[in-house]
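As structure tokens, the structure follows; a few thoughts come after it.
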2 protein chains.
Amino acid sequence: MNSDALRGHMDALILSVLEDRPLHGYAIIEALQERSGGALNVPTGTLYPALRRLERIGYLTSEWATVGGRKRRTYRLTAAGRRQLAGERSAWQAFTAAIGSVLTPRGAG
Amino acid sequence: MNSDALRGHMDALILSVLEDRPLHGYAIIEALQERSGGALNVPTGTLYPALRRLERIGYLTSEWATVGGRKRRTYRLTAAGRRQLAGERSAWQAFTAAIGSVLTPRGAG
DNA sequence: GCCTACATATAGAGAGTCTACATATAGCGT
DNA sequence: ACGCTATATGTAGACTCTCTATATGTAGGC
């Protein structure tokens with residue numbers, strides 16, 4: 001599963017996996033896979049530009065680190081990012097309620 | 001509510017409101033508003049191109065009619081459209097399950 | 001005559017996701 | 001030494017859909 005359905009929901013996903021602890025890009029991809037039960041396979045060409053965008057907006061900050069000889073850029077939620085995450089969550093509820101009520105079969109009634 | 005979140009879900013919405021009976025474009029917009037409790041306001045610049053695309057793909061057929069002096073183009077689901085609708089519904093279930101499990105807060109656990 | 005509701009349609013902008021490619025280190029097996 | 005896989009970040013360009021704005025026309029109420 002994937003395609004373009006994620007469009008517009010990537011922000012919420014990224015902010016959500018960063019809620020409890022900072023992570024670097026590669027680890028975010030793995031976290032999304034794990035937490036979705038393998039359903040979400042976000043390509044690097046999607047994630048990295050999204051992270052930069054989120055940082056530019058002010059929802060994330062990043063720091064470089066070297067671990068085991070490999071460079072990592074670790075992303076952390078800002079206060080604005082946490083507020084945005086809360087907003088994304090309620091927007092998600094409204095979104096699924098709206099789509100769900102349209103998608104529910106009505107039968108012949 | 002609206003924005004770009006609908007991207008990738010318009011097809012399912014349109015096919016779903018056409019499931020029970022054929023409708024013309026304007027009536028589809030109204031049906032989406034009603035069934036979503038006013039949450040979905042699909043602009044004509046979104047709907048009409050989408051209907052043409054769906055017809056081109058083979059999920060819909062259309063017929064012109066004149067009612068009360070006004071011309072209407074009425075869209076009807078094809079057999080392929082009904083199969084697609086079934087697929088869209090199960091895809092929607094998988095989609096919400098995946099996103100939902102990522103968005104669910106984990107606390108300090 | 002004017003406004004609103006009904007009804008369809010297109011052009012162009014805009015934005016985000018995807019594919020494909022480029023680069024580099026670490027560790028394993030042979 | 002060589003190749004492969006996992007780890008790790010990043011960009012360019014194509015793609016596709018949605019949105020805004022605009023255009024056209026009929027019907028009915030005031």
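Proteins get letters first, then strands, A, B, ... in listed order; numbering begins at 1 in each.
Separating the CD1 atom of I28(B) from the C1' atom of dC6(C) is a distance of 15 Å, rounded to the nearest angstrom. Atom CG of L23(B) and atom C1' of dA7(C) are 14 Å apart (whole Å). One atom, CZ of R72(A), and another, C1' of dT25(C), lie 12 Å apart when rounded to the nearest Å. Rounding to whole angstrom units, CG of residue L6(A) and C1' of dT16(D) are separated by 15 Å. Counting to the nearest Å, the C1' atom of dA7(C) and the CZ atom of R73(B) are 12 Å from each other. Taking atom OH of Y48(B) as the reference point, atom C1' of dG12(C) lies 20 Å away to the nearest angstrom.
Within the structure, a side-chain polar atom (N or O) of R53(A) is placed less than 4.0 Å from OP1 or OP2 of dT17(C). The side chain of R52(B) places an N or O atom within less than 4.0 Å of a non-bridging phosphate oxygen (OP1 or OP2) of dT10(C).
L23(B) has its side chain out of reach of T74(B): every pair of non-hydrogen atoms, C-beta onward, lies at least 4.5 Å apart. The shortest distance between side-chain heavy atoms of L6(B) and I99(A) falls below 4.5 Å.
Within a 6.0 Å sphere centred on CD of E63(B), other residues, nucleotides and ligands contribute 12 heavy atoms or fewer.
Ring geometry for H24(A) versus Y26(A): interplanar angle under 30°, hence parallel rather than tilted (30 to 60°).
Distance check, rounded to the nearest 0.5 Å: CD1 of I14(A) to CG of L51(A) gives 5.0 Å.
The side chain of Y26(A) approaches dA6(D) more closely than any other nucleotide in the set dA5(C), dC18(C), dA6(D).
A side-chain donor-acceptor contact under 3.5 Å links T78(A) to the backbone of Y59(A). Of the possible donor and acceptor atoms, none in the side chain of S62(B) sits under 3.5 Å from a partner among the backbone N and O of R73(B).
Both M10(A) and W64(B) lie near DNA chain C, and the one whose nearest nucleotide falls closer to the 5' end is W64(B).
Considering every non-hydrogen atom in both L47(A) and M10(A), the closest pair reads CD1-CE, 4.3 Å.
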Bracket string, DNA chain C, 5' to 3' - pairs by Watson-Crick or G-U geometry under 3.5 Å, | interstrand:
||||||||||||||||||||||||||||||
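Nucleic acid contact for G25(A): sugar-phosphate only, since backbone atoms but no base atoms lie under 4.0 Å from a heavy atom of the residue.
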Kindly determine whether R76(B) and L18(B) satisfy side chain to side chain contact (heavy atoms under 4.5 Å, CB included), including the steps that lead there.
CA-CA 7 Å; R76(B) 183 186 304 273; L18(B) 291 175; over 6 Å; no
Would you give a per-nucleotide map of nucleotides 22-30 of chain D, 5' to 3', where B means the base has a protein non-hydrogen atom under 4.0 Å away, S means only the sugar-phosphate does, and - means neither?
----BS---
